[in-house]
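Positions are given from 1, in the same order as the sequence printed here. Counting convention: from 1, in listed order, for ligands and their atoms alike.
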Amino acid sequence: MRQQQQRCCYCNEPATLLCDFTLGRPVFDRGADGKSRPFYTCDLQVCRAHAEHRGTMHVRLSHSVNGRRGFFDTTDHCREHTGQQSRVPTPRITEGEAERLRRVVRERAERRALDSGVLPVPRSTADQLDLF
Ligand SMILES: [Zn+2]
Ligand SMILES: [Zn+2]
């Protein structure tokens with residue numbers, strides 16, 4: 001679970017979770033600095049009520065941090081990915097494609113929020129132009 005202070009995409013509650021659905025893995029596993037890159041995840045901001053708790057996993061670290069060799073992390077999915085399994089094997093996608101996929105999910109989430117009447121999101125003209 002990663003913390004942050006934004007609003008849930010489905011309501012006005014503070015978003016405490018980011019969707020962990022895996023969109024893909026980087027085309028190049030390692031960056032220019034030689035460090036391995038993380039998988040691209042959906043990252044949609046949701047509150048506890050609008051997140052689907054998928055489970056808790058133990059993350060093992062290759063070296064100890066603060067005297068610990070691992071930690072527990074929760075896996076949560078947004079409404080758009082509720083009940084969905086991340087694709088296996090994880091497809092390789094580019095940064096641009098990951099961004100595009102995230103945007104599609106965000107638009108779907110906004111439409112769902114509007115349909116339910118919970119969150120009237122005023123869309124700026126700039127946003128509209130950006131779509132086409
Ligand atoms: Zn919510
Ligand atoms: Zn998601």
Side-chain angles (χ1 to χ4, degrees):
M1 177 179 30
R2 286 157 290 175
Q3 300 284 342
Q4 64 163 55
Q5 289 309 308
Q6 300 214 302
R7 296 283 160 194
C8 171
C9 283
Y10 300 104
C11 68
N12 281 314
E13 293 297 312
T16 53
L17 300 161
L18 294 177
C19 175
D20 292 308
F21 183 83
T22 306
L23 299 173
R25 57 192 296 181
V27 175
F28 301 106
D29 287 324
R30 287 173 192 282
D33 54 5
K35 288 193 183 133
S36 64
R37 292 170 160 177
F39 283 16
Y40 299 118
T41 48
C42 166
D43 286 351
L44 197 76
Q45 297 135 8
V46 287
C47 69
R48 183 71 272 170
H50 284 115
E52 179 203 29
H53 185 66
R54 304 279 299 184
T56 306
M57 63 171 181
H58 187 248
V59 180
R60 267 179 86 102
L61 300 171
S62 53
H63 55 278
S64 69
V65 174
N66 299 329
R68 294 165 68 191
R69 290 287 304 216
F71 57 92
F72 285 96
D73 196 7
T74 58
T75 303
D76 303 276
H77 282 184
C78 68
R79 276 286 179 270
E80 312 316 311
H81 290 124
T82 293
Q84 286 192 42
Q85 295 275 3
S86 300
R87 278 168 64 192
V88 179
T90 309
R92 284 186 190 272
I93 59 173
T94 62
E95 179 87 47
E97 191 158 5
E99 265 313 305
R100 194 183 59 78
L101 289 168
R102 285 192 190 114
R103 204 158 64 179
V104 168
V105 172
R106 217 169 295 141
E107 279 159 18
R108 231 184 277 157
E110 281 175 11
R111 214 166 299 143
R112 191 191 294 267
L114 283 170
D115 286 347
S116 65
V118 180
L119 188 67
V121 186
R123 298 201 62 136
S124 71
T125 323
D127 271 345
Q128 298 280 15
L129 288 173
D130 191 38
L131 290 175
F132 301 102

Checklist entry - Looking at the Zn ion (ligand 1), is one of the N, O or S atoms of Cys8 less than 2.8 Å from it? => result yes
Next on the checklist: Between Arg48 and Glu13, is the salt bridge (charged side-chain N to carboxylate O under 4.0 Å, His left out) condition met? List the steps.
Outcome noted: CA-CA 9 Å; Arg48 183 71 272 170; Glu13 293 297 312; over 6 Å; no
Next on the checklist: Looking at Ser36, is its backbone amide N or carbonyl O close enough to the side chain of Asp29 to form a donor-acceptor pair, meaning the two atoms are under 3.5 Å apart?
Outcome noted: no
Checklist entry - With distance as the sole test, does Arg92 use its side chain to make a donor-acceptor pair with the main-chain N or O of Arg25 at under 3.5 Å? => result no
Next on the checklist: For the Zn ion (ligand 1), give me the closest N/O/S atom belonging to His50, just the atom name.
Outcome noted: ND1
Item to check | Where the Zn ion (ligand 2) is the vertex, angle from His81 ND1 to Cys78 SG to 10° | outcome: 110°
Item to check | Contact check: His77 to the Zn ion (ligand 2), N/O/S below 2.8 Å | outcome: no
Next on the checklist: What's the separation between atom CD in Glu99 and atom CZ in Arg106, rounded to the nearest 0.5 Å?
Outcome noted: 6.5 Å
Item to check | Heavy atoms from other residues, nucleotides or ligands near CZ of Arg37 exceed 12 (cutoff 6.0 Å) | outcome: yes
Checklist outcome for this item: Cys11 SG to Cys47 SG via the Zn ion (ligand 1), rounded to 10°, gives 110°
